[in-house]
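Working notes, structure below.
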Amino acid sequence: MDITSVLSLLGGIALFLYGMDFLSDTMKRTAGARLEKILEKLTSNPVKGLALGTAATGIVQSSTATAVIVLGFVNAGIMSLKQAIPVVFGANIGSTVTGQLLRLGDIGSKSVILTLLKPSSFAPILVAIGVIFVMFVKKKKFSTIGQVLIGLGILFIGMTTMESAVAPLRESKAFQKAFTMFSNPLLGILVGILVTAIVQSSSASVGILQALTATGTITWGMAIPIILGENIGKAVPVFISSISTNRDAKKVAWVHFLFNVFGAVLLGGLIYLLHAVVGFSFWDNVVNRGNVADFHTCFNLITAIILMPLIGVVTKLLDRILPEKEEEEWSIKQFEQLSNMFLKTPGLALEQSRRVVCDMGQVCRENFGKVRQLLDQYDEKLMEELRTNEDFLDRAETKVSEYLVRVTETTQVVKETRLANELLRSITDFERIGDYCIRIAEVFDFQDSNGISFSEPAKKELDKMFEAVDNILKTTVDAYMQENARVAVRVEPLEEVINELRLLLEDHHVERLQNNKCSVQAGISYKEILNATDRIAGHCVNISVFLIQRLNDPHKFDAHEHLRQDHQEMNEEYKALYTYYETLYYHPILNEPPVSEEPALPEPEPVEEKEVKEEKKPKKEDKAKKDKKKEKKAK
């Protein structure tokens, strides 16, 4: 084997590994963003989980990639360990798909059709078609298909190049002598582990072994221990990925490792025991690509079949290997969703970020609920809980912002960039809502420390304001979590009513001051609370408007122009919603019945939105009439 053959071999290996990596990355980018929802639906029972793991790995061409994604899902709390185990078993089966594809090289050349089915024939065609799709077809769908075809083509070209480079070794006595040492099972397993750990893929290492079968010197006795070692070696990158994860995620790495060790010990031990007792006549026969692929598939399939009924036993074994420690802080678990392993798949990374932002919204609602309790009775324990939640909001703003910046550096997809921008805006608004909740709580704390209290009318009015703000927070968080624009449109009319309510309560506050029914200091506190509630409602509008902008066509919707519009010119649905919320929160303060004899507009459930019918739209009272009523009430 001369220097030219060595260089060809290195080039072939490089092309093969690059093609596999390129194909895997393309498929992960394409399917990665959808994998989470698929996993949630199809891991309800072990058989579905096994099938899903097999299919997902067959698509992304890497059991390591699937195992790492599952590890991340468990770490983020998306999947339970019980759901993850069958998926990992399936991932090992799916890792054999590449080997089965590469066996096409064994097809004969007796006819034109069979010749065209050989990788050496169709690989250049795949690359050519792929380049045409990427360079000359503008549709993103065809561009993705083109990248997949290019990856497959490069992979097969690399395999063909390797085979051509190692072909001269068929006659090399030195090579044949060197390879006989692999008939030692322990040495063969060790070589398989090392090669797979280096190339980070059992599919790739098995492919290299398949290429070496072209030399005609690889026997069953040499191939079997190497394949066993290659399966064990693929657990190495998964273990590395689990270093900074929680306990359950580390268990996923152990599942991946134990699956292959169990298979190697059980099947390897059984094979060598039978060979020692009976003796296999084929042991010294030369293997081809198909033989290697079949043994690799059988190894993983048989191991999965044996272990599937023993999932409960595997779970208990993992509990012994990784015993439970003291419960981790809730906020730490939430931030574990922002794992670096998702950065390679921006769609998944953005979904994890959105989950944390949704958690921020729920914490804001929880904090405002505690603020409402402080209106009735001050409680130092509630204050501590409020501060703990506020600490989470502050840290979440920093961590998610930093994470999103890293995500935007890895994606050029417009839809993903748009989501990242909206998340960054929403993070700031939710954090500011948390700040205003603390500000209101601190007012109550100040009043308790200084013996200041509100009059009963003032407390009743604040309670009605708090009720409206709690509603707008609930509507905003529901819309955000469900990504529902039909729920989000309810936020703006409610915010306008809250703003009108603030003006009315301020007028009543002045009246109480003039009539000596309220102290000056209590009045200052009252005013500060009203300002804070109004600001909370304003931030809810920001969140809802930018959510609507992302979900609708951003080129036809200008959020800033939308906010500047005169609400009197809004559509009929907006006016109907405004009047409905006015009836709920504004008129009770005036002790007035609804301004229309028609029935009040029913509020739909957050999940199933219904159209607001025009015939049930209450008539909105004009501004002049409202001012006249205020003046009459003041007199």
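Any value given below was found using the heavy atoms of this structure, including those in side chains, with hydrogens, waters and symmetry copies removed. In this text the structure is predicted, and so the values were computed from the model without any measurement.
Here the side chains of D359 and F392 are in contact, with some heavy-atom distance below 4.5 Å. K381 has its side chain within reach of E385: a pair of non-hydrogen atoms, C-beta onward, lies under 4.5 Å apart. A heavy-atom distance below 4.5 Å is not found between the side chains of V356 and Y403. Side-chain contact between T219 and V287: absent, with no pair of heavy atoms (C-beta onward) separated by less than 4.5 Å. Within the 4.5 Å cutoff, the side chain of R354 has no heavy atoms near those of the L350 side chain. The shortest side-chain heavy-atom distance between E390 and V363 does not fall under the 4.5 Å cut-off. Looking only at side-chain heavy atoms (C-beta outward), V255 and F89 come within less than 4.5 Å of each other. With a 4.5 Å cut-off on side-chain heavy atoms, I189 and I226 do not count as touching.
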Checklist line | Test log, rule salt bridge (Lys or Arg N to Asp or Glu O under 4.0 Å), inputs R406 and E402 | finding: CA-CA 7 Å; R406 296 172 66 190; E402 292 175 350; over 6 Å; no
Margin query: Set out, in order, the CA-CA distance, both residues' side-chain angles and the distance that settles side-chain contact (heavy atoms from CB on, under 4.5 Å) for L424 and S401, then state yes or no.
Written below: CA-CA 6 Å; L424 284 167; S401 297; 4.2 Å; yes
Next item on the list: Take I218 and L209, measure what side-chain contact (heavy atoms from CB on, under 4.5 Å) needs, and give me the verdict at the end.
Entry: CA-CA 9 Å; I218 311 298; L209 179 62; 4.3 Å; yes
Checklist line | Residues I227, E230; criterion side-chain contact (heavy atoms from CB on, under 4.5 Å); working and verdict | finding: CA-CA 5 Å; I227 296 173; E230 286 170 336; 4.1 Å; yes
Item checked: Candidate pair I321 and L258, rule side-chain contact (heavy atoms from CB on, under 4.5 Å), full reasoning -> CA-CA 11 Å; I321 296 173; L258 292 174; 4.0 Å; yes
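Across all their heavy atoms, P185 and P225 have their closest contact at O-CB, 3.5 Å. Minimum heavy-atom separation, C364 to L473: O-CD1, 4.3 Å. For the residue pair F259 and T303, the shortest heavy atom distance occurs at O-CG2, 3.4 Å. Across all non-hydrogen atoms, the minimal contact from S95 to H296 is O-CE1, 3.8 Å. The two residues I311 and P86 make their nearest non-hydrogen contact at CD1-CG, 3.7 Å. Here the closest heavy-atom approach between residue E397 and residue M360 is recorded as N-CE, 4.3 Å.
Under a 4.0 Å N-O distance rule, the pair E422/R418 does not qualify as a salt bridge.
Checked against the 6.0 Å centroid threshold, Y272 and W283 count as a close aromatic pair.
Taken from CZ in R365 to NZ in K370, the straight-line distance is 12.5 Å, to the nearest 0.5 Å. Between the CH2 atom of W220 and the CD1 atom of I271 there is a distance of 9.0 Å, given to the nearest 0.5 Å. Rounded to the nearest 0.5 angstrom, I145 CD1 and I150 CD1 are separated by 12.0 Å. The distance from atom CZ of F262 to atom CD1 of I306, rounded to the nearest 0.5 Å, is 5.0 Å. With rounding to the nearest 0.5 Å, the separation of CG in L186 from CG in L228 is 11.0 Å. Interatomic distance, CG of D294 versus CZ of F299, reported as 15.0 Å (0.5 Å rounding).
Under the salt bridge (Lys or Arg N to Asp or Glu O under 4.0 Å) criterion, D394 pairs with no residue at all, not counting sequence neighbours. Judged as a salt bridge (Lys or Arg N to Asp or Glu O under 4.0 Å), and not counting sequence neighbours, the contacts of E384 are R387.
With T54 contributing its side chain and G90 its backbone, the two residues share a donor-acceptor pair below 3.5 Å. The main-chain N or O of Y480 is never found under 3.5 Å from a side-chain atom of N484 such that the two would form a donor-acceptor pair. Judged purely by atom type and a 3.5 angstrom limit, T96 uses its side chain to pair as donor or acceptor with the backbone of I93. Checked by atom type and distance alone, the side chain of N300 never pairs as donor or acceptor with a backbone atom of T297 at under 3.5 Å.
Using a 30° and 60° split on the angle between ring planes, F282 and F280 fall in the parallel class, below 30°.
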